[in-house]
Each structure stands twice: as C-alpha cells, then as structure tokens.
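Everything numeric here is computed off the predicted structure, so don't read it as measured data.
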Protein chains: 2
Amino acid sequence: MNKRPQKTVTALDAITADLVAVLVAVTDGQPRIMTIEHAAALPSGPFQFGHRSLQTGLRAWVEAQTGHPLGYVEQLYTFADRGRSGDPDAPHRISISYLGLTREEEGREGADAQWSSWYDYFPWEDHRDGPPAILAKIIAPKLKAWARSAEQPALQKTRWRRAAITFGVDGHEWNEELALQRYELLYEAALIAESVREKGGEGVVPGRAMRGDHRRILATGIARLRAKIKYRPVVFELMPDEFTLLQLQRSVEALAGRLVHKQNFRRLIEQQDLVEETGAMAADTIGRPAKLFRFRQGVLAERAVVGTKLPLSRT
Amino acid sequence: MNKRPQKTVTALDAITADLVAVLVAVTDGQPRIMTIEHAAALPSGPFQFGHRSLQTGLRAWVEAQTGHPLGYVEQLYTFADRGRSGDPDAPHRISISYLGLTREEEGREGADAQWSSWYDYFPWEDHRDGPPAILAKIIAPKLKAWARSAEQPALQKTRWRRAAITFGVDGHEWNEELALQRYELLYEAALIAESVREKGGEGVVPGRAMRGDHRRILATGIARLRAKIKYRPVVFELMPDEFTLLQLQRSVEALAGRLVHKQNFRRLIEQQDLVEETGAMAADTIGRPAKLFRFRQGVLAERAVVGTKLPLSRT
DNA sequence: CAGATTATGCTCAAGGAGAGTATAAATGGC
DNA sequence: GCCATTTATACTCTCCTTGAGCATAATCTG
C-alpha cells in the first residue's frame with residue numbers, strides 16, 4: 001500500500017494517528033453500525049504515509065476491513081490518549097473519528113465484519129416503546145447510589161441533578177441528543193465496563209462493551225446523527241431509492257430512538273418539497289398501499305446548505 | 001518544556017500534529033481574535049511529548065505565545081495536508097483546531113500577539129449595517145465571472161446557484177452561519193490570496209490573508225460560534241461579570257454579524273431566566289440608565305446541557 | 001362482510017417569532 | 001427650565017409552527 005521508502009522521523013513531537021469510522025445504516029427499522037473483531041470494535045486503522053488525506057485513509061481501511069464502500073462521511077471528533085495504553089513512555093496516539101452513512105449491501109462484509117444494532121451497545125437509548133425498563137430498574141438506582149457516595153452534600157446534589165437531566169428522570173424530559181453525555185456520565189460513575197477496567201469498581205450497566213474508546217466514539221456518532229437529522233436531510237443517505245413515507249418515518253425513529261406523530265411527520269416532509277412521488281405504489285403490504293417516493297435531487301443541493309426540519313414528538 | 005529523553009520513532013505512520021486556537025473575545029462591540037506574527041497567524045504549536053492531552057498542549061502554546069489564559073474551549077476540526085508544504089516526501093502534518101472564548105485582559109499580550117477584528121479577515125461577513133458594499137460591487141461580479149468561466153452550461157448554472165445561496169444574493173437570504181462555505185467557495189474560485197498562492201490566478205477579494213490554512217480555521221470557528229450562540233449560552237464566556245441587556249445584545253450582534261430586534265431579544269433573555277438583576281444601574285451612559293445584570297450561575301449547569309434560544313431577526 | 005391495518009386529509013388550540021406602538025428616564029444644549 | 005436626543009422597558013398584534021386528535025379511504029384476512 002505504501003510506495004514510498006520507509007522514513008525515520010526523529011522527533012519528540014512524532015505521534016501516530018488512528019482513523020475510526022462509525023458507519024451507520026438502517027435496515028428493517030433498526031439502526032445498525034459496522035463492526036469488526038466480533039462486534040467489539042469499529043472499523044479503524046492508522047493514518048499512513050501513503051494516504052493522500054484523512055478521508056482517503058479512512059475509506060481505505062473501511063473497505064479493506066469490511067468490504068463495504070463508504071458513502072457520505074463527516075468528521076466527528078479527535079481524541080488523544082496516552083493514558084489508555086498504560087505505558088508513560090509511549091508516544092501520543094490520537095484517534096480521528098468519522099461518521100459515515102450508507103445502505104447495507106448484501107454479502108459484502110469481510111471475514112470479521114458484521115452489522116450490529118447500535119442499541120446492543122446502548123440499550124437505554126431506545127425509547128421507541130417508551131422508556132426502557134433498565135432505566136428505572138437499574139440505571140437510575142445505580143446513579144443515585146453514585147450520587148450518594150459523594151462526600152459533600154453539595155456534590156451529591158449536583159451529581160444527581162446532572163444524572164436526572166441527562167437521563168430524563170425525576171421530572172426531567174428525555175432528550176435523545178444527550179447520548180454522549182449519558183455515556184460519559186456512566187463512565188464517570190464507573191458503571192461502564194470500559195471505565196471499570198481503568199478505575200476498578202463493579203456492577204456495570206447492561207450494554208455491550210467495545211475495545212478502547214470505541215464505544216465513546218459510537219456515542220459521539222449517535223449524538224451527532226440524532227442532532228443532525230433534525231435540520232439537515234441526511235436520512236436520505238440511509239434510504240433506498242424508493243420508499244414509502246412510513247418507511248422514512250421508521251428510519252428517523254430508529255435513529256432518534258423515539259416515535260414521531262405520523263400526520264405531522266408527513267406534513268413536514270411534504271411541505272418542504274424534499275420528496276416527490278414516483279407514481280408507483282408499494283407492493284406486498286398490509287393495509288392500504290402507500291405511494292412510493294424518492295428524494296428530489298434538485299433540492300439536495302440547496303438543502304445541504306440551508307436545512308430541513310423534522311418533528312420529534314413526545315408521545 | 002519536555003522532560004522526557006528524546007525518542008526516535010521509526011515508523012511509516014509517524015506524523016506531527018499542530019494545535020491551533022481560534023481565541024475569541026468581544027470588546028467594544030467588536031468580535032476580536034487573538035493573533036500572532038503580525039496578525040497573520042493564529043496561536044499554534046506542535047502537540048508534544050510532554051503534553052498530557054490535546055487541550056493541555058493548546059493551553060500551553062496559547063499562554064506561551066500570547067500571555068493570555070484560555071478559558072472555555074471546544075474542539076473545532078482536524079485538518080490534514082501534505083500538499084501545502086510542497087514536499088511530497090514530507091510526513092503528514094495534521095492540525096487540530098479549537099475554539100476558545102474569553103474576555104480581553106489589558107496588557108497581557110506577548111511580544112508578537114495582538115487582538116484583531118475578525119472582520120479584517122472577512123469583511124463580507126459583517127452585515128450589521130446592511131449588506132456590505134463589497135458584496136454587490138466586488139464579490140458577486142467576480143463569482144459570476146467564475147461561474148461563467150465553466151465549460152458546460154450546466155456547471156455554470158450550478159456554480160452560480162451555489163454562490164447565490166451561500167452569499168445571499170439573487171433573491172436568496174443572507175445566512176450568517178455559512179461563513180465557512182463562503183470562504184471555501186471563494187477559495188475554490190481562486191479569489192482568496194491563500195488559494196492564489198496555490199493555484200495561481202489574480203484579482204482576489206478584499207480581506208486580510210493568513211499563514212497556511214489559518215484563515216480557513218478562523219472561518220470554521222466563526223461559523224461554529226454563530227451557530228452555537230443560538231442554542232447554547234456561550235455568550236456568557238465573553239461578557240464581563242455585570243452588563244446591561246444592550247451590551248449583551250451588541251455582543252451577540254457582533255458575533256452574528258447582523259442586528260437583532262431589541263424588544264424581542266430582551267423578551268427571550270428574560271423569559272429564559274438566564275440572567276438576574278444585580279440591583280445596580282449602569283453609570284456613564286447616554287440616555288436612560290439601564291439595569292445591570294449578571295448570569296445566573298445555577299442555570300448554567302442545566303442550560304449547558306439543555307440549551308437556550310436567541311432571536312436573530314432580518315431587519 | 002367484519003375486523004385489522006395502514007394511508008391520507010383536515011381541523012384546532014397553544015405557543016413562539018417577528019414587528020410595531022407607547023411610555024419612561026436620563027443627558028446636553030440653549 | 002425646556003426641548004431634542006438617546007436609551008430602557010412594557011405591551012400588543014398577527015402570522016406561523018407545532019403538537020395533537022378526528023375522520024375517512026383503501027387494502028388484506030378470515
């Protein structure tokens with residue numbers, strides 16, 4: 001892959017950079033992410049000399065590891081940690097993470113690559129059937145215990161307040177965009193396998209762990225995507241060429257982790273001229289057949305800049 | 001600064017990372033940024049072995065170069081470019097940029113550090129007195145010429161459409177959040193000194209240039225801040241402890257580059273319980289003296305998570 | 001045909017945003 | 001002291017958006 005001769009870089013400031021992808025698709029109304037290493041890591045690899053740009057490098061790694069091409073991509077965040085590796089003499093290692101959106105394509109996964117529901121990693125994030133049971137039964141009590149474990153009463157109060165706001169308990173409303181804050185709070189409270197490894201502690205909360213800080217990166221991607229679908233027409237990247245409005249709605253709901261008022265959803269989609277009828281109707285459906293739609297190519301150019309709106313109701 | 005022994009890293013994948021800060025303050029109703037090298041560069045320096053984290057490194061560099069402490073900080077974007085350096089054998093160099101918000105403090109600048117108005121670099125971004133003259137007189141015609149210079153009619157149309165949308169001409173509305181897209185469009189059209197250096201061309205648009213891609217980074221910071229003030233109470237970081245509502249409004253306007261309806265602004269600020277009266281009145285003012293306000297500390301915790309609203313009207 | 005299920009059209013009330021009017025409280029010049 | 005000027009502050013009004021519900025249409029299953 002590298003045609004250049006090997007170079008020796010003599011520098012205090014030399015570091016290595018990893019490229020990490022949160023590659024999202026929605027299939028059968030479930031938000032799914034591409035994983036490797038038996039669903040315990042995100043597609044990733046070092047930024048190398050031969051890569052022309054960060055995105056090029058990322059695309060190369062994802063395609064090599066998963067056989068799946070990368071479509072729409074946007075940068076998420078850059079993390080740095082020497083602490084994790086344990087060795088204080090180790091050079092800095094930074095991770096540059098990206099969010100990618102695609103459609104699942106049959107039989108293109110690499111040996112070790114597979115799609116997994118993102119709710120496997122964050123079971124408390126799915127509120128489509130109402131607040132999940134683990135929230136009240138497991139998470140809230142553990143967070144309360146964590147808050148109480150603080151020395152000073154003031155800190156106890158601050159902790160619980162923060163927990164209540166981010167998790168939407170104790171009179172506060174659930175806010176699906178706070179996925180990252182929730183993960184970080186659980187991490188801080190040592191209720192996450194990844195932080196227990198580091199800090200010690202026991203009794204983690206349900207949810208599949210990942211290697212390194214990949215789960216944090218995934219949380220970052222979820223939060224970003226949940227915020228973004230509301231004002232940028234990015235759902236498009238996840239849909240097939242033709243779809244019904246209900247399918248579109250289900251995709252949005254899958255990502256947001258909450259339900260949407262059907263009639264209002266249609267109203268908003270239609271009044272924004274985002275879609276046009278194909279003329280055909282959906283086949284093989286229960287109930288009244290629905291019209292098929294496609295996204296209007298023309299609008300995409302302007303909307304990519306200007307924006308869109310999506311309703312996310314509370315029922 | 002580095003206590004560790006020098007290490008030799010032998011690796012294809014070794015790279016160097018720069019930390020770059022867009023440090024913003026608002027003084028006398030003007031948005032200002034901290035610069036070095038005679039206002040031609042942003043505070044920046046390499047991420048080094050001795051830095052415990054990215055933010056630590058950034059703080060170290062900014063304080064060393066400018067003597068000014070760094071308050072609120074958030075990450076902006078990570079760029080990579082070998083192309084710029086010219087040497088194809090050079091290792092990758094990435095820039096990790098941050099947005100910082102502070103208050104100007106007297107006489108703390110380093111030798112080569114100074115505050116400059118950000119509109120010196122982007123004169124077309126200030127719409128507080130209506131659309132600036134250079135937009136219609138210089139920029140629009142040049143962009144039109146660029147659009148016309150395309151081979152295919154379809155491309156001509158696409159180019160002009162894009163220009164019209166991002167610059168709010170030809171019937172489109174001005175959108176202050178598109179600062180980065182505007183810079184990138186001008187760059188692509190070779191109307192920016194930095195791109196002329198690279199691509200050749202002549203007849204750039206007014207506006208001070210910067211070293212490397214610092215002006216792009218600044219545009220990124222402006223766009224991010226303009227988007228953020230609307231839903232997160234970040235203006236707080238830029239205000240003195242006590243202020244009048246008009247001063248607060250002027251700060252928002254300085255950042256947004258557009259005016260706000262006064263009465264509606266007050267209504268929104270007050271109904272959100274963001275501020276409280278100090279009891280004192282502003283002294284040394286023309287006209288009826290205004291009440292002094294301060295931000296409510298308590299709210300900050302929740303709002304930092306939940307959000308705020310600001311009105312940005314079109315008049 | 002009844003019941004279930006989804007699609008689609010329409011209405012309504014509450015709240016928010018944009019914009020304007022009116023009045024109050026200072027200053028400086030004469 | 002009066003007036004023009006400037007800023008502060010209180011209300012009002014209208015339009016649009018949003019959340020929510022009702023009603024009807026078009027299918028399939030048994």
Side-chain angles (χ1 to χ4, degrees), chain A residues 28-29 127 130 173-176 229-231 242-253 256 258-293 306-315, chain B residues 28-29 127 130 173-176 229-231 242-253 256 258-293 306-315:
Chain A
D28 301 326
H127 284 229
E173 262 197 20
W174 174 257
N175 181 344
E176 74 279 358
I229 44 170
K230 290 182 193 153
Y231 62 95
E242 303 192 345
F243 48 86
T244 68
L245 291 185
L246 186 60
Q247 283 166 351
L248 181 63
Q249 181 183 343
R250 293 290 177 236
S251 293
V252 169
E253 291 173 339
R258 57 162 25 178
L259 297 182
V260 163
H261 182 106
K262 193 176 186 173
Q263 295 94 319
N264 292 347
F265 180 81
R266 308 171 114 268
R267 175 172 65 189
L268 231 53
I269 295 296
E270 289 187 312
Q271 88 188 9
Q272 286 176 104
D273 285 326
L274 289 175
V275 298
E276 61 189 10
E277 299 182 12
T278 66
M281 306 289 278
D284 291 336
T285 58
I286 321 176
R288 174 172 169 178
K291 289 179 192 161
L292 283 173
F293 291 82
V306 172
T308 315
K309 280 179 215 158
L310 282 186
L312 286 166
S313 81
R314 5 222 121 278
T315 13
Chain B
D28 301 326
H127 284 231
E173 263 198 20
W174 174 257
N175 181 344
E176 72 279 358
I229 45 170
K230 290 181 194 156
Y231 62 95
E242 303 192 345
F243 50 85
T244 68
L245 291 184
L246 186 59
Q247 284 166 352
L248 180 64
Q249 182 183 341
R250 293 289 177 238
S251 294
V252 169
E253 290 173 338
R258 56 162 27 176
L259 298 182
V260 162
H261 182 106
K262 194 177 188 173
Q263 295 93 319
N264 292 348
F265 181 81
R266 307 170 115 271
R267 175 172 64 188
L268 230 53
I269 295 296
E270 291 186 314
Q271 87 186 13
Q272 286 177 105
D273 285 325
L274 290 175
V275 298
E276 62 190 7
E277 299 182 12
T278 66
M281 305 288 280
D284 290 338
T285 58
I286 320 176
R288 173 173 169 179
K291 289 179 191 160
L292 284 174
F293 291 82
V306 172
T308 315
K309 280 181 213 158
L310 281 186
L312 285 165
S313 80
R314 5 223 121 276
T315 13

How long is the line joining [atom1] of [X] and [atom2] of [N], in whole Å?
X	N	atom1	atom2	value
Q249(B)	dT7(D)	CD	P	12 Å
L268(B)	dT9(D)	CG	C1'	16 Å
L246(B)	dA24(C)	CG	P	21 Å
L248(A)	dT6(C)	CG	C1'	16 Å
L259(B)	dA17(C)	CG	P	19 Å
F293(A)	dA7(C)	CZ	P	11 Å
L292(B)	dT7(D)	CG	P	17 Å

Review point. Do I269(A) and F293(A) touch side chain to side chain, with heavy atoms closer than 4.5 Å?
Key: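 No, every pair of side-chain atoms sits at 4.5 Å or beyond.
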Review point. Side chains of K262(B) and Q249(B): closer than 4.5 Å at any heavy-atom pair?
Key: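 Answer yes - side chains close enough.
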Taking only residues two or more places apart in sequence, or in another chain, which ones meet [X] in a side chain to side chain contact (heavy atoms under 4.5 Å, CB included)?
X	answer
Q263(B)	H261(B)
T285(A)	A282(A), P289(A)
R267(A)	N264(A), Q271(A)

**Study point:** Nearest to side-chain heavy atoms of H261(B), which nucleotide of dA20(D), dG20(C), dT7(D)
**Key:**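 Closest nucleotide among those given: dG20(C).
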Qualifying residues under salt bridge (charged side-chain N to carboxylate O under 4.0 Å, His left out), relative to [X], sequence neighbours excluded:
X	value
E242(A)	none
K291(A)	E277(A)
R250(A)	E253(A)

Revision key, fill the gap. Note on DNA chain C: ranges paired as stems (three or more Watson-Crick/G-U pairs in a row, both atom distances under 3.5 Å) are C:1-30 with D:1-30
Produce the list of close N/O pairs, under 3.5 Å, pairing protein atoms with atoms of nucleotides 9-13 of chain C; give distances to one decimal.
residue	atom	partner	partner atom	Å
dG9(C)	O6	Q263(A)	NE2	3.3

Exercise for review: Output all residues satisfying side-chain hydrogen bond (donor to acceptor under 3.5 Å, both in side chains) with E270(A), sequence neighbours left out; order by chain, then residue number.
Suggested key: none
Revision key, fill the gap. Letter by letter from the 5' end, nucleotides 25-30 of chain C scores (B base, S sugar-phosphate only, - none; protein heavy atoms under 4.0 Å) BBS---
Check your understanding: Is any side-chain N or O of K262(A) closer than 4.0 Å to OP1 or OP2 of dA7(C)?
Key ->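 Result: yes.
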Practice item. Please list, chain by chain and in numerical order, all residues satisfying ring pair (Phe, Tyr, Trp, His ring centres under 6.0 Å) with F243(B), sequence neighbours excluded. Key: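 Applying ring pair (Phe, Tyr, Trp, His ring centres under 6.0 Å) to F243(B) gives F295(B).
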Review point. Distance from L268(A) atom CG to R266(A) atom CZ, nearest 0.5 Å?
Key: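 That separation rounds to 12.5 Å.
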